[in-house]
> 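Attaching a single structure in structure tokens format; questions to follow.
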Amino acid sequence: MGRDKAELVVAGERLADRAARVLMAVCDPVLEVGPGRSELDVVADDPRAGPLAAVVTGARALHTRGHDGAVLVLGVDLPFVDARLLGLLVHHPAVETVVPVAGGMRQSCCARYAPDAVAVAADLVDRGERAMHALLSVVPVVEVAEGEWRAVAPADALADLDTPEDVIRHGVDDR
């Protein structure tokens with residue numbers, strides 16, 4: 001993208017603030033893993049280490065706060081995810097990792113990771129892995145089909161902002 005996605009504004013709200021708000025509506029505790037763009041408690045990470053390491057960093061920080069359950073992950077570049085969609089993931093009856101599928105692709109940065117998946121993620125990171133799909137390929141995953149998550153969220157709920165073209169296509173204020 002070439003700029004800090006957390007600072008993009010959608011409907012008058014910075015993406016960092018929006019992600020914090022929707023996560024707080026369904027989870028407690030909630031942490032930001034990153035540079036501290038929101039008002040959440042912050043756990044610093046190395047952005048070059050990749051998203052898998054960020055999940056491990058966040059899960060370890062939650063563990064120090066007494067949380068040993070599943071971990072809900074929301075990437076800041078998913079501006080249309082709302083509390084209803086996150087609630088569907090949080091309250092899903094499966095004990096495994098729960099991941100929505102959009103356009104035939106697992107949405108790894110909007111998912112609930114089971115405790116055993118977090119342990120596997122730590123092992124993968126220790127071996128130098130950075131990508132979320134590496135984790136999803138080796139742990140049990142329950143996929144939430146589009147028809148299921150679209151019952152609570154609009155079609156573009158899992159659209160992400162990875163490029164300047166995405167920003168334009170979704171009408172995001174990129175000031």
Side-chain angles (χ1 to χ4, degrees), residues 4-7 13-102 106-144 148-149 152-153 157-158 160:
D4 187 351
K5 294 177 187 181
E7 296 296 329
E13 186 175 33
R14 285 182 327 130
L15 293 188
D17 300 324
R18 186 177 195 295
R21 179 177 53 78
V22 297
L23 283 165
M24 288 188 306
V26 297
C27 297
D28 185 30
V30 178
L31 302 173
E32 174 187 329
V33 178
R37 299 288 190 253
S38 72
E39 293 183 17
L40 297 173
D41 288 343
V42 175
V43 179
D45 76 330
D46 178 356
R48 297 168 301 187
L52 190 60
V55 170
V56 172
T57 298
R60 286 179 175 157
L62 288 169
H63 179 75
T64 65
R65 290 165 169 82
H67 178 80
D68 289 320
V71 174
L72 183 66
V73 172
L74 177 60
V76 74
D77 64 346
L78 294 167
F80 308 114
V81 171
D82 64 16
R84 293 171 302 163
L85 178 52
L86 294 180
L88 175 71
L89 301 177
V90 166
H91 300 294
H92 197 283
V95 296
E96 299 87 359
T97 292
V98 178
V99 182
V101 175
R106 290 176 167 175
Q107 302 300 304
S108 61
C109 289
C110 179
R112 186 191 81 199
Y113 289 90
D116 63 329
V118 173
V120 171
D123 290 338
L124 290 171
V125 168
D126 289 344
R127 290 185 282 180
E129 185 59 60
R130 298 171 38 115
M132 297 295 287
H133 74 273
L135 174 62
L136 295 178
S137 70
V138 297
V139 299
V141 173
V142 172
E143 294 182 348
V144 179
E148 185 178 351
W149 64 259
V152 299
L158 292 166
D160 60 356

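We're numbering straight along the sequence, starting at 1. Computed over heavy atoms, backbone and side chain alike; hydrogens, waters and symmetry mates excluded.
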> Using a cut-off of 6.0 Å, state whether more than 12 heavy atoms not belonging to Glu148 lie near its atom CD.
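For Glu148, atom CD is crowded (more than 12 foreign heavy atoms under 6.0 Å).
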> If you take all heavy atoms of Val152 and Leu88, which pair is closest and at what distance?
CG2-CD2, 4.2 Å
> Quick check: does any side chain N or O of Tyr113 sit under 3.5 Å from a backbone N or O of Val98, one acting as donor and the other as acceptor?
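Judged by distance alone, no pair lies under 3.5 Å.
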> Is the side chain of Arg18 donor-acceptor paired with the backbone N or O of Leu78 at a distance under 3.5 Å, no angle test?
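No, Arg18 side chain to Leu78 backbone: no donor-acceptor pair under 3.5 Å.
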> If we ignore hydrogens and angles and just use 3.5 Å, is the side chain of Arg14 paired with the main-chain N or O of Arg37 as donor and acceptor?
yes
> Determine whether a donor-acceptor pair (N or O, by modelled atom type, separation under 3.5 Å) exists between the side chain of Glu129 and the backbone of Ala134.
no
> Do any N or O atoms from the side chain of Glu32 and from the backbone of Ser38 form a donor-acceptor pair under 3.5 angstrom?
yes
> According to side chain to side chain donor-acceptor pair (under 3.5 Å), does anything in residues 83-99 pair up with another residue at least two apart or in another chain? List the pairs.
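Only Asp82-Arg84 qualify under side chain to side chain donor-acceptor pair (under 3.5 Å).
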> Would you say Arg112's side chain and Leu89's backbone share a donor-acceptor pair under 3.5 angstrom?
yes
> Hey, is the main chain of Leu85 close enough, under 3.5 Å, to the side chain of Trp149 for a donor-acceptor pair?
no
> Could you report the tightest heavy-atom contact between Pro100 and Cys110, atom names first, then the distance?
CD-O, 2.9 Å
> Can you check whether His133's main-chain N or O pairs, donor with acceptor, with Arg106's side chain at less than 3.5 Å?
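No, the answer is negative, given that no donor and acceptor are paired below the 3.5 Å cut-off.
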